[in-house]
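Naming convention: chains lettered A, B, ... in sequence-line order (proteins, then strands); numbering from 1 in each chain.
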Amino acid sequence: MASLVPGIACIGVIGKQNNPLHISLFPPGERPSLEFSFMLSSSLDIFEQRLPHKMADQDFGLLQAIDERLAMYGYLTNTGVKFVVIVDMEGRPATVNDSKNPAAVGLRDSDVKPVFRALQTAYVNLLRNPFYDPDEHMPSVAKAQNRVGSTQITSQKFIQEVNRIGELWRPGITQL
Amino acid sequence: MDGPSNSSSSKVTVEYHDPAGVFPLLSAQLQARLPLRNLHWKSPSRPLRSIDSLHVELVPSQDGVDLSARPSTAASQESLRRRHQIPGLRRTPYLKVYLLRCDDSETYKNIARKEIREWIRENTPSHHSGGASSQEQHDAYEWLILHVVIPGTYAAAQPRFSGSTSSSTGTAKDRSNTTRWPGGKSTTVFEKIRSDFNSSSNSAPDRVAQIRIQNEELPRHLQFPGSSASFPAYQETPQEQNSAWTDLVAKFKTLILLSFNLRVSQYEEDIREKDAQRSLPGWNFCTFFVLKEGLAHSFEGVGLVEDALVIYDELSIGLDTVIRDKAVGTSQTDATTLLPSTEELKQHLLNLLDSDELPGKLQLLMKKPIDEGNKNYRGLILASNISIFDFKCYLFARQMLLLLRLGRNIFDARQTSRKSQEARRHSIDGADKRLSAELSNEVNLGPLAEICRRALSFATETARVLRDDLGVGGDEGRFSTDAKENFIASWIAAVVDQILTETTSPSLSAQTNRAPPSPLKIPRARKTTGEPLSTGADSKSHPARSSSLSFRPTSLVEPLSNQASGQPNDAWPKRMSSENERPGDPPTRFGLLELATHRAELKLLERRTLEKLGSKCGWQVGWSTLENAIPNRANGFHEVKIEADDSTSSEDHINEQIKFKMIEGLCHAKFLQGLSSLDEFQKLYESLSDDTVKLYQIAGQARAAEKTLGDLAIVKYDLGDFAGAASFFARVTPLYSESNWNKVEVAMLRMHAQCLKALNRKDEYLRLLLMILSKAAAHTRSATIPRGMKISSPGMRKALHTSRSWLDDDDVPSRDLLTELVEYSEELPYDVSVSMDTFFANITVEPYVVHYDDRDGFRLLLKFRHLLDDDLTLTSVSLKLVGTTAEQKKDIFLTSDGFVEVEKGIAKCWLHTNVTTYGSFVVEQIALKAKKILFIHEPLSKTEAPNPLASSSGPPPLESVVAAKRTPIFCFPRTESFDAIIHLSRSIHIDRTRSIEIECNTGWNEAESLELRLRAASAGLRLHTSNAIVIEGDVDLVKADKPRPGIVGLANVPSNVKFKIRIPFEVESHTSDILIRIDAEYKTGNGVFQFFSHAKIPIDLPLDVNVQDSFKPFALFSTFNIKTSNQKPLRLLSAGLGETSLLSVQGPMGGRWPRIVFPKKAMSLQFIIRKKSPGQSKEKEPLPLDLSYQCLDEQVEAIAQSSFAKSVTNGEFAPLRRLLVPSFVERLMHGIEPEEFTQVAYRDEVSIPPFEDFSWDEVLDAVPSSSKDSLQKWLEQWHELHGYPNRFAPVDSSHTTRQITISVSVPTVHVIPTASLAIKDYHRDYLPTDTVWPLGEAKSANLTISHTRVWCDPNDLKDVASLGSADEPMQFVYEVDANPDLWLVGGPKRGTFWQREGEDQKETFELLLIPLRKGDWAYPAVDVRPVQPGSAQRGGNQGQGHERDGEEDKAISCECYYEDAFQRVLVVPDVKSTTVGLVKGGGTILMETIGTEDAVEM
């Protein structure tokens, strides 16, 4: 039996107005999307609750352990965009590259930090694209324009980058 | 000596040696002064620590007299054995007290001193002598001698101090408070002891204290009878007593801290040492752990709980590191051995599986999985024989305990009864509720929240460990995976339950009760909120202290705005509002929110675990129900209903199996209960959810709360409480829709919709379905054209769709929803109209009308993209066109032929109409109807709605909207179709009602019936359709039975028939033009058709005619002046004045016809009218003036039209004739200025502007692009051929000829006097040169007057002139009006006379005329008037003829004909010659003048 090692189950990018900008599930198609949507949405409460106690660091670390497999980690950018990473402790089969990480010890916040760094880079790159208008992805703007539907990010490059991050990550990795 | 009791570790032990048995005397007072307060510990390596209160446990020494019976348990014995191994576990005293009873100095000297010395020797801590082992250092203690003075003894009579000598080592307080004994006696016992045992060194602490027992405090049996008499007791003041006790307590404190400090420094040193050895081979974490824990215990012992906690946290991290290192294998030197699995748990599980009953031990474990008392953890650690699981449990148990102490810190020592400790040890249920309630107000919530937070991580992490544990060791065969999972689940639940129980906070409960009542009011739901207030609270008999550490993170809080400038504060509005929600409430206690949050999270964890268990046997609950159901829902939207376990035996069997699998290995009571049946399962789920909601509400976590509410809603739905579920959904959904959580929103909407359907709330149900569909449509739309990205190749598009590894939030499954929507809509009593744009994209109407090959009317192609998966059957599709100009009042409706089937993708639909019209239209509305759902698209209103945001940012509006607005649809009839043209009747008789003519051409229509509906669109216009007549063509009007205003009916009109109908009209007020709309409705074999048109007809005459009459006795000269009334020239073809029976007319002679009347030059025509036979009196008949003319502009128009039409008809674009020709004419006429027509009239040339200036674009846009180019080419060619100058050929324009008949009435003149002035001296037939008159010469003249009455009706004259008969004489007055400057008139200038009619009846008056000035003068004017009979009767001869201010018809009209009116005379000076001399120096001088008389005479 191939042992399972921690892997990212979900990466959520949540906008300033608490709207989902992007949600990626890993492995794609095998996770209950609704449930993860709920998790991400609930995580916003935790951001909110902790924000007054936060100091300079934007890393919110562990937001909530959902069950013995899933745990949410959060990060808040300066522009109010939130990254939420849900790690599944048995997220994927082990490969040779994986250091054997015993189940007994959880993840350290430092394990998740590179994900956030990489996500932020990806998001910054997205913002640098002149054709990406962050306002267009605000529900308030969309509502004013009578646009129905979501305001998620559709940039392929960004999505691929998130994908890459999600698939590449493993505990202990320092550079993504 | 203590067992591993939690409580014992939290106080300081003080051992007393009481050989005299005086302790009972002291204990009451001493206990009253405990715990010790305000200790301040300063260690070199740490900041100052304050201990507010320190509990002290007083125990007798083993060799003491008072052997208080303490049952020695097995555990304590075991502990005793290991005393030398586990330093932290020992409860060695910090202080040893020798209770000395020494009643007098003698005794002291003889016995006591020796005894004390001996005791000191025994108990002197070795550190005093140095070189003590570290082991001993860990148990370092101090000693104290307490002199107890019994009343009635000698010592009692002594004061404390004998004199002024005071102890150098006494505390300052001591000294100051001590009253000196006045009589200097010998030293007291106390002083002796002090001097004997106190170290002389300054730094050494004072180890001697004295307490005097008051007599009344003595128990009766101990009182010394009569002792009070034998020694007069030294009475201490209460103050002194107090200070004695204070002194004692201070010494306690000092000494305890001293020994504590010793211990800590020793521990720290050891730990440093051990830590340094970490990399050395053989290093064992367990050993290190034991050592470090000792330090933690020490801290805990003195109440420095935070310090202890920090150490445990460090240890916890250390453990993780060790585990990680071991796993990675990096540290070979590590000798730590941890058991690979926890055998005990396995055993538990196996036992559980074997037996039916829950094994008692396991039951206990499940009740309290986190308890350091569960196992001898310390022993296992020491033996390096502990599993990771156990290790973690132990660590967490310790941490929890410490946190609980922090949380429930305010705990008065008075409540610390051993009893309650015992009670707690036996059963956590034996809670002293009163106590806990008292405590509750003082609970510190922060640490409790911290416990919950940690517990969450702990439970989840350790569950993994547990799973690993159970899997290791080849035990797979012994129990199934299900059993394993169930067991783990049970364990998690047990942990959660325990934590929740331990951290129950009354204030939170109070909040819960105060919180908005839970929306869940299902009576059957078990409420767990009624859980005992605090089961474990009474057991927390720890020394209480408040935190000295800054535990509160609030102190670190910076204002939010500072923390992150540019932080979107609006992102957190919920929070603010939730805090402001309850202004009346006391401020939320610190930590309450966190506590509530974490408790809620724990509840959720438990619920999630439960869900997992439930899902194993197919019991789905909450959103997972939906989630799992969606993929299976190939056939769409069906009710999701949990299979109820009922009926058939096979099902029962299956259920049994499942059930077994389900409960196998399950050992948590709550879960066992919950999984006993579906009903229970749902109950439990509900109750957990309910609690969670309440907690989240307290925590102000709206989203999480609402989400859980959503779960509850699903449960309600499953239970059939649709109304409840619907209300929940209605409440929860907006939260998600607000921030565009589409996926979630749609899921909720779906469920909500199902509820509504079940509730039969049709309207809302449909509304929700529409909302879902709109989301789905939006998704397809965005997928089709992603924002900011143009997808060119189909392969790229495919890639975009298939390689979606991300969760497309827009991806809304909508299959069958639309069908459902449409089907269901039938049940509605009314139509539901929704915006078409939401559900369809790319709505466009091709702006080219397409004609039919066999009938009138046209069709348009509507295109739109159907975005939804379901095929849609549209009952009807309709389109409304409105005119772009104000005149086009009539809207055109186009509809589809029957049903239209629409599949996903581009849909095309032909829309038909039977209307034929010409003009530019725009699409106002497109309506798709599917049963009772009406999709409406209104391109105009949409763009017109101001959208301030859209202008600044955001994408441009939808293309279709722009397209609809930009390209109007130009409708034009097919060449063969029906046509009707309205124009003003060509011939006008000015005195009769005017009329319009309708020129109809049936084209290819063989109409069974034809109705022309005329509508006057101008104010005051009245069309007399009942008087309509056919003036041309072989058709008959249908006589209607009832008058139908505005309608002209015809029947059986064959095809290709032209006919004209004339309809008279009236205009009430003056307008320059009238607007008439015509709708023709005609029925042919192909159905009923309509023709719409309108005409704006100028009714102003293009010409003006006025007449000037001049009467002569024999004839009337009428001069007609004809002008144009506008700036356009007229071509007058003929003019004639008709004769009447009385009058004959002589027209102008000769002349060339036609003549052109230019705008600024009136043309005059003079007619001579004569009486045919005078005297005949008949009715006056006006003379008709007939003018036949052509307006030049009309003519130009007609010629250009026919010329262009000819070209078109012969060319390839003949079918477009009725588009091109009117457009051409319109453009051409618009291009010619009125002034230019003058040129046209002069030059007979019209310039046709070149193609570029003709703005053909609009017309070109009206034809499909396929033929657009060739049409353009053709037009260009035409313009080239017929370009400037274009000969204006006046041929073929006869139909533009207009006829006007003007009635000219001959004015009535009663009398025409004829006057002539004859100069006597010369004859009338002189040459004009003879009419030279010398200045100043008088000449006589005869004024001859006669008159005629031929121009009037004699009867009329009789009336007017009050004559008896027509030929009676009338009185006249003449008047010579000469300019007195010019003429000197001699003779009667005025005179009256009577005269009869006739040439022969002349009156002659003689006048003398003298010209006064030289020049060319007219004769003096003469006026002759009849005297008006009225004025004559009044006697006034001053008959001013023209003074006809009476009734007009009573006056005698008169036109005087003065024959010599234009006779002129040249008046010259009467000289023959004149001599003029020139004066030298300038000037002339008249020399001589010779008169003419000489010449005349000559």
Side-chain angles (χ1 to χ4, degrees), chain A residues 16-20 22-25 28 32-38 41-42 44-46 48-49 51-56 62 64-68 71 78-80 89 99-106 131-133 135-136 139 141-142 144-145 147-152 154 156 159 162-163, chain B residues 320 323-324 327-328 388 456-457 460-461 463-465 468 553 556-557 560 563-564 566-568 571-572 574-575 593 597 601 605 608-609 623-624 626-627 701-704 707 736 738-744 747 774-775 778-779 782 786-788 805-807 809-810 838 947 949-950 953-954:
Chain A
K16 183 177 168 183
Q17 292 175 336
N18 290 340
N19 53 311
H22 175 76
I23 301 172
S24 271
L25 296 177
S33 55
L34 195 58
E35 195 178 334
F36 277 87
S37 294
F38 274 124
S41 142
S42 301
L44 294 171
D45 282 332
I46 304 172
E48 236 165 83
Q49 193 175 50
L51 187 65
H53 308 306
K54 272 309 266 187
M55 302 273 290
L62 177 67
Q64 186 189 350
I66 293 158
D67 60 13
E68 75 264 26
N78 287 332
T79 50
M89 291 307 284
S99 58
K100 195 170 165 356
N101 198 47
V105 283
F131 296 104
Y132 177 82
D133 179 8
D135 285 344
E136 232 177 78
V141 175
Q145 293 173 3
R147 262 196 279 132
V148 191
S150 84
T151 45
Q152 59 191 350
T154 47
Q156 287 297 298
I159 291 167
V162 171
N163 242 329
Chain B
D320 280 358
I323 295 170
R324 194 174 278 123
V328 176
I388 298 173
L456 197 61
S457 304
T460 52
E461 259 178 47
R464 283 199 300 275
V465 179
D468 276 7
L556 303 173
V557 174
L560 187 60
Q563 187 216 341
Q567 193 65 252
W572 315 105
K574 283 266 179 260
R575 169 140 187 115
L593 299 183
T597 309
E601 285 169 0
L605 175 63
R608 206 175 149 80
T609 316
W623 286 110
S624 52
L626 201 61
E627 183 95 39
Q701 301 214 348
R703 280 175 207 85
K707 186 254 162 187
Y736 290 97
E738 182 190 22
S739 33
N740 277 16
W741 288 84
N742 266 348
K743 192 114 194 154
V744 176
S774 71
K775 305 261 172 200
H779 168 244
S782 68
R787 280 188 292 277
S805 56
W806 51 297
L807 174 62
D809 197 38
D810 252 353
T838 319
N947 191 351
L949 269 175
S953 66

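Across all non-hydrogen atoms, the minimal contact from B:V744 to A:S37 is CG2-CB, 3.4 Å. Nearest heavy-atom pair, A:S42 versus B:A704, reported as atom, atom and distance to 0.1 Å: OG-CA, 4.0 Å. For B:S739 against A:P20, the heavy-atom pair with the smallest separation is O-CD, 3.2 Å.
Rounding to the nearest 0.5 Å places CG of A:L34 at 11.0 Å from CH2 of B:W741. Atoms CG and OG1, on A:D67 and B:T460 in that order, are 8.0 Å from each other to the nearest 0.5 Å. B:R464 CZ to A:E68 CD: the interatomic distance, rounded to the nearest 0.5 Å, is 8.0 Å. Summarising the geometry, atom CZ belonging to B:R703 is positioned 6.5 Å from atom OG belonging to A:S41; distances are rounded to the nearest 0.5 Å. We find the CD-OG1 distance between A:Q49 and B:T597 to be 3.0 Å, quoted to the nearest 0.5 Å. Residue B:L593 holds its CG atom at 11.5 Å from CD of A:E48, rounded to the nearest 0.5 Å.
Salt-bridge formation is not detected for the pair B:K707/A:E35: no Lys NZ or Arg NE/NH1/NH2 atom is positioned less than 4.0 Å from an Asp or Glu carboxylate oxygen.
Note: A:I46 leads A:L62, A:V162, A:I46 in heavy-atom pairs under 4.5 Å with chain B.
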